[in-house]
Structure formats: structure tokens, C-alpha cells
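Below you'll find the structure, written out as C-alpha cells, and then a few comments.
Read the numbers this way: they start at 1 and go in the same order the structure lists the ligands and their atoms. Positions are given from 1, in the same order as the sequence printed here. For clarity, every value in this text was computed on a predicted model and none was experimentally measured.
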Amino acid sequence: MSNTLNNNHLFINAAFSKSTERPPVWMMRQAGRFMKEYWDIKNKYSFLTMCKTPELAADVTMLPVDLLGVDAAILFSDILVTAEAMGGQLSFEQGVGPRFANPVRDKAGADALQTDVVHKLSYVADAIKVVQSRLNGSIPLIGFAGAPFTVLSYLVEGGSSKDFKRTKLLLNNEPELAHFILGKIAEVTAGYLNLQIAAGVNAVQLFDSWAQALSWDDYAEFSHRYNTRIIARLDRKDIPVISFCKGSSVFAPLMATAGPDVISIDWNVDLRDMKERLPAGMAVQGNLDPFVLYADKAVIKKKIYALFERMRDQKGFIFNLGHGIMPDIPFDHVKYAIDVVKEFHY
Ligand code: CP3
């Protein structure tokens, strides 16, 4: 397998809470629309074609590696490919985002979701192999999947939602049906992440982007329970597991009980305070407000330094944003932030 990393990698060391000379840096949604080079590819192919063509997925994965110099690559794909493999009729429309033509809203829809589908995602394994041959051990490759609650929300709503009204109606009125669907998604997700691990990723991240919509009790019952089940089933070996949700500033202590190596924290909380509330040896990732990257460069530097000052002497810290890069953030601001991190020394 071509995933043998050069030893002593910053990102892996930080993920396992070993000391590093500076925090490693990567950014959620780094392989995306804020780069002109992304659009050069996207203007020729549909988004799903890009995901399903290993050479194209590898080309996009490599853009932030080559143009930004990040310390980890994240595979170019989407959290909704599991739902598509299960039978969701997925499309991505410009300016609209993801859509499922057959939203799942009743028992018949839930029954129709297939679970013996991981083989349909072999294009992702192929993309991982192409990326690893290009990275050639220089930096780690992060694989990922959507967490069951977040994927459920897209299947039920039929696309993006502001308030998750239909999803919450399902959780409240038909909790057994919700659990039935979540169980199916969790089973596929665990198999899918293990497929990525077998194909050679060096870390995995579970994206539960919309967990913030849930109350504490509902988060525990409809999200955390399934994330725990998935993490327990991973063939982890020496592969760090990162758990991300929007809402981690509230849920992180509970997320920690699922046993990830790293929790990715949103920007509503002081990162050091949160780290000190987590079990010893639990690394954190985050947590710059992505909107800072719109600001003047002097402000960007000041805010990054303030975060680093708070995290002084802390092992187990990966610099990232509290959520993904927005498409209209200027490229040179993103590059500048990464350079600031890479030139930093405690
Ligand atoms: O981080 C990376 O750069 C790797 C690639 C990646 C994409 N999507 C590419 C993408 C990752 C990790 C994702 C995860 C994802 N997808 C999430 C969780 C991450 C988060 O920000 O919380 C979610 C909620 C989705 C669902 C999704 N996919 C939406 C809502 C959209 C459209 C609007 C949007 O926010 O981008 C997508 C499409 C998508 N996924 C694009 C990209 C580059 C844009 C496609 C285009 O070019 O139009």
C-alpha cells in the first residue's frame, strides 16, 4: 500500500496528543470553490462526475496541497455519497446545493434504503489510491463521511434546510422510524469508512455538521448514539479519528465518550477552556471563526496568534477553522493564514 507516511508527521502527532514544534494546519472545505483552479475543473464536469472520477477527485484533492501547503490533505468527495449509494436520487444544482428527488418520509421510503452498498463506493477507494500515489508519503490524507443525523436531515428534507422542520417532526412524532433509518445509515457509514481505511487514508473525520439544531437529549439519542456505534466499528489501527460537529462547543464532552482521538470544535467556545474540560489525551481541532478570513491580514494574524497564545503548552492541538471555508473568502487570505501558522514557533 502506498500510504506509508514519512515518519513523525505533525498532523498525526498532534492528533495522538504528542508534542509538535508548531500546530499543524488544514482547513475544512479546503478542496473547494474559493480556488480559481477548482472552477477550472468544475466548469468542465458536474460535481458528482468529479467525485466519481478518481483522477479528477485526486486533482481537486491536490489543489490545496500544491497551492496552499497545508499539513494534511482531505479527500475531495461529499458527505452525501453514502445516501446516494443507499438509493437517494442525488443531484447538485448550481446555487441550490444538494437535492434528493425521492426524500425519505415514511416507512416505505425507509424500507427502500439499501445497506449492502459499500461496493458501490469503490470509486472512492480508487480515488484514495490515486491521491496516495501523488502524495507519496509527504503529508497524511484524511478520509471522511457524514454522520447519520446530518445525512438523515438531507434525506428527509430532500436537500439543505434552515430549520430542519421535517427532520425534527420525524424525531418527535416517529422516533422508531428515525432510529430505523439512522441505524441503516450508521451501518453503511462504518463500512464506508473502513473501505477508506483499507484503501489507505491516514485519518478519518466524521462530519455531523447540523447537530447544533438538536437539544442535548435529542443529540444524545439521535446523533451521538450512532456516532459512537460507528467509531466502535472502525478498523482504527494507527489511524486517528476526528469527530466534528457544529455545536461541539456544547456537545464535546459527550462526543468524547464516543472515543475519537480528536474533537473538532466550533468557534463559540474558548478552545483551551474546552480542552481542559475533555479527558486527558483527547486532542482538539479548531477553532478560528471562518469569517475572520474575510478581514484584513493584520486582523487574521492577530486572531491566529491570540488562539496560539491560549493553546501554549497544550499537546494535541490541530489548527483549523470552526467550520468550512466559505466560497467567497479571498484565496490570498486563506494562503496568508496558512503561512502565518507555518511560520509560527512557540
Ligand atoms: O473539505 C473539503 O474540501 C473536502 C471536500 C468536501 C466537500 N463537501 C466538497 C463539496 C467535504 C468534506 C464536504 C462535506 C460536506 N458536504 C458537508 C460537511 C462539511 C461542512 O461544511 O459541514 C456537508 C454539509 C455537505 C453537503 C453539501 N455538499 C452541501 C450543503 C453542498 C452545497 C453547498 C455547499 O456548502 O458547498 C455540497 C456541495 C459541495 N461539496 C461542493 C464541494 C466543493 C460544491 C459543489 C459545487 O462546486 O457547486
Side-chain angles (χ1 to χ4, degrees), residues 25-52 56-65 67-68 70 72-84 88 90-100 124 127-128 131 141-155 157-162 164 167 189 192-193 196 201 203-213 223 227 242-248 264-267 285-287 290-291 320-329 331 334 338:
V25 53
W26 73 281
M27 291 186 188
M28 287 184 271
R29 309 308 281 272
Q30 69 188 18
R33 291 164 296 178
F34 71 102
M35 286 178 289
K36 178 193 158 294
E37 292 77 1
Y38 173 83
W39 288 106
D40 292 344
I41 302 173
K42 177 66 204 299
N43 288 335
K44 291 192 225 146
Y45 307 95
S46 77
F47 178 69
L48 278 173
T49 301
M50 287 162 68
C51 291
K52 291 181 179 181
L56 291 177
D59 288 347
V60 183
T61 302
M62 292 302 290
L63 290 176
V65 177
L67 302 173
L68 294 168
V70 285
I74 180 160
L75 183 72
F76 177 76
S77 185
D78 198 76
I79 63 164
L80 297 177
V81 296
T82 42
E84 192 205 30
L90 176 64
S91 62
F92 287 89
E93 289 157 40
Q94 200 65 53
V96 181
R99 279 214 175 277
F100 284 104
V124 177
I128 289 166
V131 173
L141 174 63
I142 305 168
F144 70 92
F149 168 72
T150 292
V151 172
L152 172 85
S153 79
Y154 283 98
L155 277 173
E157 305 286 341
S160 300
S161 170
K162 283 201 179 72
F164 305 95
T167 311
T189 307
Y192 175 53
L193 286 171
Q196 295 184 39
V201 295
V204 291
Q205 177 157 322
L206 196 55
F207 281 91
D208 203 356
S209 304
W210 310 131
Q212 178 174 248
S223 170
N227 297 348
I242 310 169
S243 182
F244 164 79
C245 80
K246 196 75 196 329
S248 49
S264 195
I265 307 284
D266 64 52
W267 64 91
Q285 173 175 278
N287 74 341
F291 285 82
N320 205 312
L321 307 174
H323 199 182
I325 303 173
M326 280 76 78
D328 60 344
I329 291 181
F331 174 87
V334 179
I338 286 163

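Residue contacts with ligand 1, taken as heavy atom pairs separated by less than 4.0 Å, involve Leu75 solely via the backbone atoms N, CA, C and O. Proximity of His323 to ligand 1, defined as any heavy-atom pair under 4.0 Å, is confined to the side chain (atoms from C-beta onward). If you look at Arg29 next to ligand 1, the close heavy atoms, those under 4.0 Å, come from the backbone and the side chain alike. Heavy atoms of Ser77 found under 4.0 angstrom from ligand 1 belong exclusively to the backbone.
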(request) Evaluate the criterion ring pair (Phe, Tyr, Trp, His ring centres under 6.0 Å) for residue pair Tyr154 and Phe149; output intermediate values, then yes/no. (result) CA-CA 9 Å; Tyr154 283 98; Phe149 168 72; 9.9 Å; no
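Close contacts of ligand 1 with Ala31, meaning ligand atoms under 4.0 Å from a residue heavy atom, involve 2 (C), 3 (O), 43 (C). The Lys42 neighbourhood of ligand 1 comprises atoms 46 (C), 47 (O), 48 (O), with distances under 4.0 Å to a heavy atom of that residue.
Tested against His323 for a ring pair (Phe, Tyr, Trp, His ring centres under 6.0 Å), the candidates Phe291, Phe244, Phe207 yield a single pass: Phe244.
The shortest contact between atom 22 (O) of ligand 1 and any protein heavy atom is with Ser209 OG, 2.4 Å. For atom 30 (C) of ligand 1, the closest non-hydrogen atom of the protein is Tyr154 OH, 3.4 Å.
Annotation: ring pair (Phe, Tyr, Trp, His ring centres under 6.0 Å) contacts of Tyr192 (sequence neighbours excluded): none.
Nearest-heavy-atom check against atom 29 (C) of ligand 1 across Gly32, Cys245, Ala145, Pro98 picks out Pro98.
Below 3.5 Å of separation, one finds no N or O of Phe92 facing any N or O of ligand 1. Considering backbone and side-chain atoms alike, Arg33 places an N or O below 3.5 Å from some N or O of ligand 1. Any N or O atom pair closer than 3.5 Å counts here, and Asp78 shares at least one such pair with ligand 1.
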